[in-house]
Each structure stands twice: as C-alpha cells, then as structure tokens.
Amino acid sequence: MTSRYLHPMMLARLASMSLRARNVVEGFLAGRHQSPYKGVSLDFAEHRQYVPGDELKRLDWKVFGRTDRWYIKQYEDETNLRCYLVVDTSASMGYASAGNLTKLEYASYLTAALAYLIIRQRDRAGLVTFSSQVDGHIPPAGTQEHLKTILDKLDSITPAGTTDIRVSLTEFGRIIKRRGLIVFISDLFDDPGAVLRVLANFTFRRNEVILFHLLDPAETDLPFSGTLQFEGMELRDRLTVQPELIRKSYRHIISDFVEQYKQSCRMAGIDYVLLTTDVPLEEGLTQYLFRRRRIKNR
Amino acid sequence: MNWTFLNPYLLFGLPLILLPIIIHFIFTRRAKPLLFSELKFLREAMKMVIRRFRLLQLLLLILRVLIILLAVVLVARPVIMFMGAGGQKQKSFDTIVILDNSYSMGQIKDDGRTAFEHGKEAAGKILSLSGETERIALWLASDRVDAVVPAFVSDISELRRGLKDAEQGCRPSDWKPVLKSACELLMKSEASSRQLMIISDFTSGWSDVRAENTGFDRNIRLILVDVGKDKNEIAENFTLKSIVCRNAIASEPWSIKVFTSASVKNLPVSLWIDGKKTEQAFIDGESREFLRSFDRAGWYSGYLQIDRPDVLPSDNRFYFSIFCQPRLRVVCVDGDPGASPFQSETFYLKFALAPKSEHSAIAPEIVNAEEFGKMHLEDSDIIIYANADMTSDSALRLRRFVGSGKGLIIFLGDNTDPDRYNSFCETHLIPAKLRRLVRGSTVLNGHVRLVDSAEPVTISKAKFEKYFQLIPMPDAKVLAEFGNGDPLIVVSDLPAGGRILMYASTADRKWNNLPARPAFLPLIQQMCDFVSRRTQENVNECKIGIMKKPMLPEQLPRKIEVTDPSGVKTEKMAVRTPEFTGLALEFSSQGIYRVDCTGDRNYQEFYGANLDVESGESDLRKFPPEKVFPGFPKLVVTDPSHLEEKIRHFIQGREISTWLVLAVLFLLLLEFLLAGFRPGRTEPKIARYMVLLVMSGLLCAGNAAAQENTGAESAPAATEFTGNHFVFMQLRYGSTRCDPNPFAWQEIKHFLDTTTSIRSEPEVRMVTLVDPALFDSAFLYWSGTEDFRPFTEDELKNLRRFLEGGGMLFIDDALGVPGIGFDKGVRRELQRLYPGKTLAPVSDNNALFFAFYLLPKVTGTRQASTHLEGIEIKGRTAVIYSANDLLGVWERDKIGNWLKSCAGGENKRLEAMKLFVNIIFYCLCDTYKLDDVHRAAIQEKMKFWPGGQ
C-alpha cells in the first residue's frame with residue numbers, strides 16, 4: 001500500500017499547505033486508474049433534457065441510442081454538497097511518536113487535501129476547529145479563494161486546550177444552518193458515550209457523518225520500555241509505570257475503545273474510519289470518496 | 001532444640017540482607033519522563049496489572065532477603081544440638097584423646113610454659129566433657145602409643161588421675177602407627193558418634209599420614225587442638241647432632257669434634273666432663289673441635305651444651321661417655337740385638353712406636369729373647385716378635401698370650417727358621433706358612449689401611465730386597481700384598497679375641513727400606529691399633545630407645561646392673577636368642593647411664609643417651625593442622641579459650657549446612673523463575689542464567705570452605721617448588737659422613753645460574769632410599785669417605801625403581817682412594833644392586849662428554865682414575881661413578897679460597913667443574929647430543945679442539 005503513496009512525513013517538507021494538498025490529491029487522482037475505486041470520480045449523477053446551447057460533449061449518446069431523445073449527463077459537481085471538516089485541535093492532538101507527524105499535522109494535511117478535493121469537485125467545504133469548545137469556524141463555500149482561506153487557517157493552527165467533544169459539537173450543531181456531510185477528525189479521547197450521543201444527533205438531523213479516528217501508532221502499541229514517568233499533554237498529570245508490564249492489557253483496552261466506537265458508529269449509521277499517523281493520506285482520501293459515493297447513491 | 005554457631009563472627013554479614021531492599025528502592029526511583037497524549041488508558045491498564053505486579057515484587061524481595069539470610073547463616077555453620085525432651089542426650093559418644101608427648105612438645109611458648117603443659121591443660125578441659133553417654137580414652141603418643149587410659153571409660157576421676165601423672169617424653173614423633181592404632185580402636189567402638197582428638201604442636205611426624213594407610217574415614221570426627229607455635233612465628237632451635245672423638249688415650253690430647261644439625265653462627269657451646277665445665281667455645285658453621293688431655297685412663301662422662309637459650313631446651317645437650325685408653329704397653333722381642341743400638345732389629349721399631357718418648361700412646365719395652373723368657377706378660381698388651389727364634393717354650397707363651405685376647409705382631413728376618421715357624425701353624429699361632437725366601441727388588445702395590453678410622457698409608461714406593469713368600473692359613477686374611485700377589489701382611493683372629501699379624505719381611509732395614517720411609521710410623525701404629533682391637537673412636541653415645549650391643553656368648557656377663565641418670569638401679573639379663581646374643585638395654589631418658597657387668601670379667605661401662613635428633617623432631621617448622629587428612633571435615637582449634645564449647649558443639653550438634661545449601665539453591669531457582677516471569681522481558685534472561693550459575697557456584701564453594709575451616713594458606717611444601725627447577729638430591733645413608741663436601745652445591749648452583757639456563761632449587765635436598773621424595777627429582781648424588789652399613793633389600797629395591805624410572809645416580813668417592821672405605825662400600829652395594837652388571841669404564845663417545853662442554857677431562861681433587869665408571873640401563877648410563885672426589889673441586893672456604901687442591905694442578909680444576917656440569921646436563925637431557933642433528937656441529941668444533949679427537 002505504501003509503495004505508491006508518499007509517507008506522510010514527506011509532506012512535511014513541502015512548504016505550504018496548498019502544495020501539500022495539491023500533491024496529495026493530484027497524485028491520488030492520477031493514480032486512480034489502477035485504483036479499485038474506478039467508479040469514484042467526477043461521475044454521472046443524473047440526466048437533464050437537452051436544451052440547445054448545452055455542451056455537446058455532455059450528451060449521453062447511449063441514452064439517445066435507447067430512447068431517441070437527447071439528454072445531458074449531469075455531474076456531481078452540480079450537486080451542491082455542503083461538507084463540514086471538523087478538526088480536533090486539543091493538546092492531545094499534538095502528540096507524535098518517533099518518526100511520525102503529530103496527529104494534528106496529519107489531520108491538517110488530511111483536511112487540506114480533503115478541502116482541495118472537495119472544492120475541485122465543485123462542492124462546498126467549510127472548516128471547524130475545536131478543543132474544549134469551537135475555536136474556529138469557516139462556513140462552507142466553493143471558491144478557490146475560499147480554499148486558500150481554509151488552507152491558510154490549517155497552516156496556522158497549533159494544538160492547545162483540553163478535549164471536550166460534546167460541548168464543542170453541540171455548539172457546532174447550533175452553527176450549522178443547512179444539512180451536509182460532516183467529516184470529523186479527532187483522536188476521540190473523550191467519553192465515548194457522550195461523543196456518540198452528540199454525533200447521533202447529527203445523523204438524526206439528516207446529516208451524513210464520517211468519523212476519522214486518528215491515533216498515533218504508539219498510542220495503540222505502547223512500544224516503550226523501561227520505567228517511565230508519563231505526563232499527560234492536556235491535564236498535565238503524571239503516571240510512573242513500566243510499559244512492559246501493562247502493554248498487553250493496554251492494547252486490549254485501546255482495541256476495546258476502538259471497537260466500542262466502531263460498533264456504536266455502525267449502529268448509529270456513522271461511518272467510522274481508523275487512521276494512524278504512519279498511514280499515507282491517500283487512504284483517508286480513498287475512504288472519503290468511497291463513502292461519499294455511497295452517500296450519493298442512497 | 002538448641003541452636004549454636006561454629007563460626008559466629010561470620011554472622012556479621014547479616015546486614016547484607018538490606019542490600020536487595022535498597023536495590024529495590026533505588027531501582028524504582030530512576031524513571032524517565034515522557035510526554036504522552038492521554039493517560040487514562042494507561043491508568044486503566046495499570047489498574048488491571050498492578051496488583052499482580054506488586055505482589056510479585058514483594059515476593060521476589062522476600063525471596064532475595066531470605067536467600068541472603070540463609071547464605072550468611074550457612075557460612076556461620078549452625079549446629080543443632082541433639083537435645084531430646086528433658087535435655088537428655090540421645091546418642092552415645094566415644095572419644096580417643098591423644099596428647100603428643102614427643103620431645104618437641106617441650107618447646108617453650110610465649111607465656112613461659114611448655115607446649116606439653118598447654119596440652120595437658122587442654123586435655124583437662126576436654127576430660128570435663130565425659131559423662132554417662134560419653135566415654136573417653138586417654139593416650140600419650142610420640143612414635144608409639146603410651147596409653148594412660150587405654151580403653152574407653154566414663155569415670156572422669158580415673159582420667160584425671162592418669163592425666164596428672166602424664167609426663168613429656170624424649171621420643172620423636174611418628175603419627176602413622178599411632179593413628180592406625182587409634183582408628184582400629186575407634187572402629188571397634190559401637191557408639192553412635194566416634195571422635196578422635198589430637199592435642200599436638202604439629203611440627204613433625206605428619207608427612208606420611210594419609211587416610212588410606214591409617215584407616216581413617218568419615219565416620220570418625222576429627223578435632224585437632226594446636227598447642228604449638230603459630231606457623232608464622234619462626235622458631236629457631238639449635239641442636240647438637242653428633243660427636244666424633246679421636247685419640248682418646250691417656251696423656252694424649254684427644255679431640256672431641258661436635259656437629260650441629262644446621263649451620264650456625266656464633267653459637268656458644270660448653271664442654272662439661274664429670275660435672276665440671278672444662279671448656280667453652282663458639283661454633284661458626286657446623287662443627288667445632290675441642291682438645292682435652294687427661295692423665296688417667298678410664299671412663300669420662302659428660303655432655304656438650306648449647307649455652308644460648310632457645311625454644312626447645314631439651315635438645316641442647318649432648319651426652320657422651322668416652323673411654324680413655326691407657327697407653328699401650330708393647331713388648332718388643334729383639335731377636336737380633338746387634339752390637340750397638342743402631343744395629344738392633346728394633347731400632348726403627350722403637351721410634352715408630354713411641355716417636356715422642358714422653359707423651360706417647362705406646363710405651364714400648366725392648367727385651368731380648370732371654371729376658372722375654374723370664375718376664376711376666378700379664379701387664380703387656382702387645383708383643384712384637386721381631387726376627388726372633390721361635391722355641392716351643394716361647395711359642396707356648398705367645399700362644400697363651402694371644403689366647404687371652406691380646407695381640408701379637410711377628411716380623412721375620414735372618415733368624416727366622418721357616419720349618420720351626422711352620423710347625424706352629426697348627427696351634428693357630430702362625431697365620432701363614434713360610435715357603436721360601438724370595439729375593440729381588442719388588443715394589444709394593446698401593447695403599448694399606450688396617451684400621452677403618454685411620455688414613456690409608458702409602459707404601460708403594462718401598463723397595464723390598466728379600467721377603468718370605470707366605471701361604472696364608474685358611475682362616476687368615478691378607479691385608480697387603482706385593483705387586484706379584486705375594487702377601488706382605490697376613491692376619492688371623494682367635495676366637496677369644498686375640499689377633500696375630502705376620503709381616504713377610506724385616507722390621508729393620510736389612511731386607512727392605514720401609515723403615516726409613518715416612519710410611520713406616522703410621523703403619524706400625526696401625527698395626528698396634530689393629531692387633532689390640534683398639535678403636536680410635538670409643539665414644540659411647542646412643543639414641544633413646546633400646547641399645548643393642550652384640551657380644552660373643554663367652555663374653556656375656558652373668559649379672560647386669562643398670563643405673564639411670566637419676567640414680568635408679570635396675571637389674572637386667574643378657575639376651576641369648578638364636579637371632580641375637582649380647583646386651584639389650586633400654587634407655588628411656590637423656591643422660592649418662594652406668595652399666596655394671598659381673599661375670600668372667602667384672603667391668604663397668606657408661607653410655608650417653610640422647611634424643612633422636614636425626615629424626616627431625618627438633619625441626620619446629622609447622623605442619624598445618626588443616627592439612628591433616630585433607631578433604632575430611634574437621635575442627636581445628638588454635639585458641640583454647642572456649643575449647644569445651646567448641647568441641648561440644650562440634651560433637652554433639654549436627655551441622656545443618658547441607659540442608660541449608662539445598663534450601664538456598666531451591667530458593668534461587670524459585671527467584672529465577674519468578675523474576676523471569678515478568679511479561680515482556682526477553683534479553684536479560686541470559687544475564688539471569690549467569691547470575692544464577694555464579695551464585696550457586698559461590699554458595700557451594702563457600703559451604704565447602706566453611707566446612708573445612710580454612711582461611712590459612714598452606715605452608716610451602718618442598719615439592720611445590722620443583723616443576724621446572726633442577727633439584728640436587730643427596731643421599732643420606734648409613735654413615736655419619738654423608739656430606740663430605742657440604743659447600744659444593746652453592747658454588748655449583750652459582751655456576752649453573754650464570755653459565756647455563758638451568759634454574760635450580762637453592763637448597764640441597766637430603767633423601768634416604770626409603771623416602772618417597774626420592775622420586776621427585778631425577779638426579780641423586782651419593783658421596784662419602786668411609787665404608788657404611790649395607791643397604792636393606794627395601795632400599796635396594798627403591799634404588800632400582802629410581803634408576804629404571806629414569807633417575808640418575810652420581811657417586812663420588814670423596815676419599816679418592818680405591819679399594820678402601822667408601823669405594824669398597826660402593827662397589828659392594830652396586831654388586832648387590834645389579835648382580836649381573838658391573839661398573840664399566842665410560843667411553844669417550846658417551847653422550848656425557850658432549851652434553852654441554854666438549855670432552856672435559858676426568859679428574860678431581862685426586863686422580864685415582866682417568867675415567868669414569870658407569871652402569872648402563874637401557875642405553876643410558878644411569879649410574880656414574882667418579883673415583884676422584886669430583887665435587888671436592890668446588891669447595892671454597894669463607895674467604896673464597898679453594899679448600900682442596902686439585903690433582904694435576906689448578907688448571908685442571910675447571911675441567912673437573914666442566915665434567916660435573918656435563919653430568920648434570922646428561923642427567924637432564926639424556927643422550928640427545930648424540931642425535932644426528934648435532935653431529936655436524938660437534939664435528940666442526942672438534943676440528944679446532946686442542947686435545948684432538
């Protein structure tokens with residue numbers, strides 16, 4: 001999987017977010033021909049009667065062959081999807097283990113790439129950042145300028161604050177005016193029950209939710225050895241422990257945690273994707289497009 | 001159940017218990033800080049694991065503490081007492097307590113008491129351990145057992161009584177037979193616990209004690225109480241070894257030469273005779289000569305005493321008794337007086353007999369035949385019948401004279417009527433028949449020595465114009481002969497002790513020129529000594545023990561009364577058994593013994609009884625008690641302060657060390673398993689294995705060491721030094737003069753160190769042929785000047801083993817005179833050693849002459865022979881015999897001058913040295929110089945050899 005795509009760390013060398021986004025997306029799209037998701041692209045959404053003046057290249061000759069009438073293929077870019085990119089910028093997102101990006105950097109690159117892709121597809125993208133409350137809000141729009149705004153914002157965020165998803169999302173829920181697709185990127189270090197309840201609210205209100213659960217590989221494996229005094233990045237609490245002793249049970253706990261989210265999301269109709277920061281961004285994009293198509297086809 | 005410890009001081013190691021606890025706490029402090037995103041999962045994980053983890057840690061800590069605790073207790077050797085209910089001891093104990101009463105126990109310790117007194121005190125404490133179930137036997141031991149209480153008894157008062165009377169003895173130590181008897185007795189005991197306690201100074205007599213040859217085994221508990229000096233203290237002890245007395249004749253200066261056991265400096269010695277101090281001197285070296293003169297003949301008893309106090313006083317005196325001979329009264333019967341004294345037959349005789357007319361050992365009386373016929377002969381000791389006619393009357397008188405045990409010397413001459421003389425052969429008066437007169441000048445062959453203690457007389461240069469050819473009688477012996485084999489001196493012994501000597505020529509210069517030669521005087525003196533059976537050495541001193549004096553049955557006295565040094569008289573009988581006839585007297589203490597004999601003759605003798613210094617008992621070097629029966633557990637006590645407690649614990653308790661070792665090993669295993677049980681640990685497992693192994697090893701070693709109670713480094717045994725060093729072994733054998741060249745080895749060693757690459761042991765090692773140390777080196781040096789006691793079969797067997805096993809024997813005749821003394825003894829013994837082989841000359845092609853130097857000449861301080869002689873065993877010359885006193889060339893005195901002159905001159909001295917170095921190399925390297933690889937080089941060198949090939 002990683003042979004074709006860039007390791008996320010390589011993107012850090014690129015100077016600006018727009019470059020990174022473009023790099024990822026264009027590369028991804030270019031490689032699309034081998035991708036199994038051939039169908040996921042700028043594709044046919046519905047037909048419309050031909051009116052003189054329309055571009056002839058958009059004529060669907062197959063339908064003409066069948067029905068002897070002239071129809072134009074309409075593409076998704078005409079669907080006017082509103083996409084909210086909601087990113088957790090709490091202090092815990094600032095964690096990185098050796099050889100990897102911080103979760104926030106990863107999230108930003110991913111968000112940037114998604115924004116680029118969305119706007120390229122002529123949908124509308126908006127950005128929300130939160131920690132213990134909503135920190136930043138850029139309403140969805142589809143222009144290139146708007147993309148630049150989003151990208152600039154992504155470039156500038158730093159991880160800070162504690163994580164309170166429930167409060168933040170509730171606030172966000174009030175901000176949303178129209179329905180749309182919510183792409184939620186966080187490490188979800190909060191009470192799962194509370195998170196899921198508030199997410200369920202969104203689906204109840206006819207929003208589509210894709211949940212990207214972003215974790216560092218060290219957070220899932222606990223590869224440390226020796227006697228270590230762990231210090232929490234949000235609460236600044238301390239714990240001295242020998243990781244080897246608790247590794248096994250820690251992994252169990254994390255996998256239970258992930259599993260809990262997965263199950264609950266499935267039951268709630270939320271799409272759940274687990275990402276670790278050593279996985280190439282293309283994976284995230286793939287998942288986005290795949291789900292978006294499914295949403296579209298419902 | 002009572003606990004106690006044998007090594008309580010080691011319990012000070014208990015604080016080591018704190019070590020794991022400290023480590024545990026230090027360990028947990030060092031934690032590296034690490035930022036992490038969210039800790040709540042960690043906390044949750046910990047909660048699950050931590051309880052188990054803490055429990056494990058605690059368990060490990062307890063285990064480690066326990067291991068260290070048990071290890072410390074283990075090395076402190078805990079003992080559980082066998083107390084049953086009500087304090088009754090459940091087992092029975094039999095103990096033999098052996099107190100060393102050899103004379104070395106007389107050594108004085110720091111508090112002024114002797115080691116024997118210390119030993120008695122220790123024994124007294126031990127006796128208090130006896131009781132109902134504890135029986136004790138009390139023995140005194142030196143080289144034999146003197147049992148005070150021979151069998152096991154419980155009665156402490158009987159034991160105490162016996163102990164009180166115990167006295168230190170005068171005997172040397174030999175522990176092998178003693179321990180053998182002790183083990184035999186203990187084996188017969190039926191007690192559940194058997195002990196052997198030895199109270200000794202541990203100085204000598206232990207070297208050949210082994211478990212195999214004494215019957216000792218693990219069932220016997222061994223307790224050694226050391227009352228001697230500490231091994232680090234140097235106990236210097238001086239002893240007098242022997243004396244030699246010469247010329248003990250009334251009115252003559254006698255010499256008494258005293259020898260010490262080891263070389264000393266400035267040792268004050270005094271000579272006491274008949275209770276009075278007669279002389280005092282200092283000894284530097286090994287011997288000292290005193291000159292005394294007494295007018296009266298008879299017994300003189302006394303002692304030599306070392307006046308410097310040393311550690312062991314009892315060996316500082318040497319008792320002796322000397323019989324001072326009266327002057328010999330010699331009657332010379334002059335058969336041809338002649339007109340003037342110059343022409344008398346006995347002219348030269350007279351001067352030879354009494355060179356100094358005043359003080360002379362012999363009082364000659366010259367008579368003619370007539371006077372002889374009339375005189376009384378009872379007062380005379382010797383008759384010299386010089387060229388006198390033998391009438392039947394005179395023959396009868398002579399016969400009666402010698403029949404009473406006296407001596408007769410017959411010189412022949414013109415007046416000798418052969419037929420007349422021959423007629424008296426039957427009556428055993430004449431030792432040889434006179435055949436005919438032989439004329440012509442004939443030179444005599446060699447040297448004559450009639451008396452063993454005298455120097456040989458060289459009469460080879462005398463010219464004889466006429467002599468009688470003698471045919472010796474069957475029981476007569478020829479002591480000297482002419483070059484053509486005709487006897488010159490023939491002797492015969494009579495049963496009653498008389499001796500007759502016949503000389504084949506004249507006593508004056510008519511028929512030979514011997515009387516004018518310097519050899520005449522010593523010859524005549526020796527003849528007189530010989531026929532009168534007078535020994536030059538008449539010192540009576542013997543070792544404490546049984547003295548045997550063989551005598552002829554006719555000479556045995558009827559009644560014998562022995563007075564010991566303290567004045568106690570006892571009566572003894574003479575011994576008449578098929579194996580031995582004579583006197584067998586026991587001397588049990590030091591001092592002068594008087595023996596009064598009544599019988600055919602009534603006479604009195606004195607003997608000086610001395611300690612057996614040659615046994616090595618006076619050498620107070622320590623044999624460490626830990627080395628007694630090495631490998632067996634034992635209790636060694638040097639500090640007698642808590643003696644009873646220590647012994648009681650050792651005997652009555654049971655050591656639980658083995659259980660402790662097992663417990664500790666088990667706990668270690670447990671600890672290892674538990675510690676390795678931690679989740680996630682992979683690499684350090686190897687380290688843990690190593691630690692486990694090392695700890696187990698240390699523990700077992702520690703246990704063994706604690707059992708053995710060592711902590712003492714062993715005294716360097718003599719054999720530890722060899723290995724790649726050359727050891728110069730010298731043979732000690734049945735003669736008092738085993739070491740005629742005592743200073744040679746130091747010079748030789750210096751030569752070897754500077755000229756060759758041989759590294760040698762600094763000291764000469766004296767061995768006997770029954771000493772197992774004989775086989776520790778390949779080179780054995782045997783030298784002497786006199787004849788000696790023949791070897792026993794055992795000694796010959798050992799020597800054969802030595803030679804066949806690769807050893808080399810180098811024999812050096814320090815006398816340098818063939819045919820007599822040492823030479824005679826050596827040839828006799830070698831004949832017995834290898835009856836099929838003879839001493840053959842060593843050829844010049846022998847590897848010996850190429851071994852280091854090329855072709856050294858065969859010489860020495862004397863030139864009795866131009867070649868070495870040897871015996872070959874399997875192609876190797878295993879026995880080499882030098883008749884030239886080869887080692888005499890090395891001896892120097894203290895200033896550095898050579899002590900002996902070299903035959904052939906000083907330029908031959910180096911040749912003799914080279915020869916000996918070659919012999920050493922030949923011994924070490926064998927015949928390798930004969931190998932082809934050397935041949936070319938040797939031939940090259942030989943081309944330029946001055947002596948040619």
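The basis for the numbers below is simple: all heavy atoms, side chains too, and nothing from hydrogens, waters or symmetry mates. Chain letters run A, B, ... following the sequence lines, proteins first and then strands; every chain starts at 1.
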TODO: Tell me, for Leu239(A) versus chain B, whether the close heavy atoms (under 4.5 Å) come from the side chain, the backbone, both or neither.
DONE: both

- [ ] Identify the two heavy atoms, one from Tyr95(A) and one from Leu35(B), that lie closest to each other, and give their separation to 0.1 Å.
- [x] CE1-O, 3.3 Å

TODO: State, to 0.1 Å, how close Ala45(B) and Ser249(A) come at their nearest heavy-atom pair, and which atoms those are.
DONE: O-OG, 3.5 Å

Open item on the list: Under 4.0 Å between a side-chain nitrogen and a carboxylate oxygen: does that hold for Asp191(A) and Lys40(B)?
Closed with: no

- [ ] Report the C-alpha separation of Ser37(B) and Lys103(A) in whole Å, then their side-chain angles, then the decisive distance to 0.1 Å, and conclude whether the side chain to side chain contact (heavy atoms under 4.5 Å, CB included) test is met.
- [x] CA-CA 10 Å; Ser37(B) 49; Lys103(A) 290 183 283 185; 4.0 Å; yes

Task: Any Glu38(B) side-chain heavy atom under 4.5 Å of Leu188(A) side chain - done: no

Task: Stepwise side chain to side chain contact (heavy atoms under 4.5 Å, CB included) test for Glu231(A) and Leu34(B) - done: CA-CA 6 Å; Glu231(A) 193 179 328; Leu34(B) 184 72; over 6 Å; no

TODO: Could you tell me the separation between the CD1 atom of Ile253(A) and the CZ atom of Arg43(B), rounded to the nearest 0.5 Å?
DONE: 12.5 Å

Open item on the list: For Arg251(A), I'd like to know if atom CZ has over 12 heavy atoms of other residues, nucleotides or ligands within 6.0 Å.
Closed with: yes

Open item on the list: Please rank Glu234(A), Met93(A), Glu219(A) by heavy-atom pairs under 4.5 Å with chain B and give me the top one.
Closed with: Glu219(A)

Task: Pairing residues for Tyr116(A) by the ring pair (Phe, Tyr, Trp, His ring centres under 6.0 Å) criterion, not counting sequence neighbours - done: none

TODO: Under 4.5 Å heavy-atom distance to chain B, tell me which part of Asp256(A) shows up: side chain, backbone, both or neither.
DONE: neither

TODO: Rounded to the nearest 0.5 Å, what's the gap from CD1 on Ile246(A) to CE on Met46(B)? Could you check?
DONE: 6.5 Å

Task: Structural part of Arg238(A) lying under 4.5 Å from a heavy atom of chain B - done: backbone

Task: Atom pair CG/CZ of Asp216(A) and Phe36(B) - distance to nearest 0.5 Å - done: 8.0 Å

- [ ] With rounding to the nearest 0.5 Å, note down the distance linking OG1 in Thr240(A) to CG in Leu42(B).
- [x] 11.0 Å

